[in-house]
Amino acid sequence: DAGVIQSPRHEVTEMGQEVTLRCKPISGHNSLFWYRQTMMRGLELLIYFNNNVPIDDSGMPEDRFSAKMPNASFSTLKIQPSEPRDSAVYFCASSKTGARNQPQHFGDGTRLSIL
Amino acid sequence: QQQVKQSPQSLIVQKGGISIINCAYENTAFDYFPWYQQFPGKGPALLIAIRPDVSEKKEGRFTISFNKSAKQFSLHIMDSQPGDSATYFCAASIRGNEKLTFGTGTRLTIIP
């Protein structure tokens with residue numbers, strides 16, 4: 001079975017540019033999560049969707065960040081304009097909603113470097 | 001109240017030894033406690049999880065011990081192997097809420 005697929009794996013861009021990260025969740029999973037991982041702050045949840053609807057975006061750092069899930073098999077996280085402090089590894093994860101909490105399955109991440 | 005505190009930050013264990021990582025929480029509404037394992041360049045992967053209705057769960061060399069009254073849980077890795085060298089995260093979530101609160105991670109190194 002294919003796992004969570006993220007693209008690109010690496011992105012290097014200059015400050016001020018728009019960055020778009022992509023995620024394809026596991027087929028049949030109806031919850032999708034975007035995380036950011038840094039040495040200083042660890043793993044932070046940015047936003048999560050259930051059935052394509054944003055449920056909790058309280059972790060989105062500021063208006064420069066936006067996320068969409070136009071259908072059950074695709075999500076994007078966009079940063080515009082990007083800043084050097086956005087440099088981090090961004091993970092997407094998916095899970096199947098159930099009566100009790102289900103494990104989240106993570107992709108291999110996008111390593112983002114803003115120069 | 002949403003925090004999960006994890007210790008130690010890093011741990012070095014000899015091959016064949018027991019690795020122990022500890023986590024503590026405050027929010028008594030947490031009712032799902034997974035551990036994730038992360039290798040360099042990879043995303044975290046679920047290792048083992050426990051719910052508060054049991055005090056221990058074992059899967060192979062990995063055991064979670066859970067102390068509800070102390071609001072603490074720990075991961076024990078028996079007969080630690082070099083392939084276990086990774087970063088380990090504890091996490092917790094509230095029933096009906098899929099949001100996971102992660103600990104800060106423990107970098108485990110198993111030396112020959």
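A note on names: the letters A, B, ... follow the listed sequences, proteins ahead of strands, and every chain is numbered from 1.
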Would you sort out whether B/V4 and B/F30 count as a side-chain contact (heavy atoms from CB on, under 4.5 Å), showing the intermediate values? CA-CA 10 Å; B/V4 176; B/F30 285 145; 4.2 Å; yes
Which atom pair, heavy atoms only, marks the closest approach of B/Q38 to B/F89? OE1-CE1, 3.2 Å
Taking side chain as everything from C-beta outward and backbone as N, CA, C, O, which of these in A/S58 sits under 4.5 Å from a heavy atom of chain B? Side chain, backbone, both or neither. side chain
Is the backbone of B/Y88 close enough, under 3.5 Å, to the side chain of B/Q6 for a donor and an acceptor to pair up by distance? yes
Let me see the working for A/L77 and A/M60 under side-chain contact (heavy atoms from CB on, under 4.5 Å), right down to the final yes or no. CA-CA 10 Å; A/L77 178 68; A/M60 295 286 262; 4.0 Å; yes
Within residues 105-112 of chain B, contacts to chain A at heavy-atom distances under 4.5 Å involve none
For residues A/N50 and A/T97, is any side-chain donor paired with an opposing acceptor at under 3.5 Å? yes
Identify, with sequence neighbours excluded, every residue that meets side chain to side chain donor-acceptor pair (under 3.5 Å) alongside A/R111. none
Under a 4.5 Å heavy-atom criterion, the part of residues 57-81 of chain B in contact with chain A comprises none
At what distance, to the nearest 0.5 angstrom, does OG of A/S73 lie from CD1 of A/I5? 10.5 Å
Flag the pair A/Y35 / A/F91 as yes when their ring centroid distance falls below 6.0 Å, and as no otherwise. no
Can you tell me if B/T101 uses its side chain to pair, donor with acceptor, with the backbone of B/Q3 under 3.5 Å? no
Measure A/Q104 against the heavy atoms of chain B and call it side chain, backbone, both or neither at under 4.5 Å. both
Among the listed options A/D56, A/D108, A/V89, the residue most often paired with chain B at heavy-atom distances under 4.5 Å: A/D108
For B/Y36 and B/L46, which heavy atoms make the closest approach, and how far apart are they? CD2-N, 3.4 Å
Note: B/F39 and B/S85 closest approach over all heavy atoms is CE2-O, 3.3 Å
Name, in order of residue number, those residues of residues 6-24 of chain A that have a heavy atom at a distance of less than 4.5 Å from a heavy atom in chain B; otherwise write 'none'. A/R9
Quick one: sort the B/F102 and A/F106 rings into parallel, tilted or perpendicular, breaks at 30° and 60°. perpendicular
Rounded distance (nearest 0.5 Å) linking atom CZ of B/F33 with atom OG of B/S93: 8.0 Å
Check whether B/P34 gets within reach of chain A through its side chain, its backbone, both or neither, counting any heavy atom under 4.5 Å. neither
